[in-house]
Amino acid sequence: MAARAVVARVAPNHGGLTDEYRDLAATAGLRTDIDPALVADIVQGALLRRLVSTGAPPDGAIVDRLVDILLGGLREPAAG
């Protein structure tokens, strides 16, 4: 029962993250050769793992740090 509640809450956001990455990656200087759904998996997976392991939702500082780390790996390499 709890698993269904989590899926019902997380699944719609997954599609939104996927669409947002697909729509904005190129103009944001992010890699376009990565499946946008995998990017959403990484973001949501890390945040859900944090919730499950600590029992508390990730705070803003954790989310910011995750985004910084993730964007470092998603950026297109510098030319030259």
Where Ala40 and Thr18 come nearest, the two heavy atoms and their spacing: CB-OG1, 3.5 Å
Any chance you could pull the hydrophobic cluster mates of Leu38, using side-chain heavy atoms under 4.5 angstrom and chaining through other members? none
Between Ala25 and Thr32, the two heavy atoms sitting closest are CB-CG2, 4.1 Å
Heavy-atom closest contact (Arg22 atom, Pro36 atom, distance): CB-CG, 3.9 Å
Listing, residues 60-72 side-chain donor-acceptor contacts under 3.5 Å, not counting sequence neighbours, or none:
none

Kindly indicate whether the side chain of Gln44, heavy atoms from C-beta on, has any atom under 4.5 Å from the side chain of Leu17. yes
Partners meeting side chain to side chain contact (heavy atoms under 4.5 Å, CB included) with Glu20 (sequence neighbours left out): Leu24
Closest heavy-atom pair and its distance - Ile34, Tyr21: O-CE2, 4.5 Å
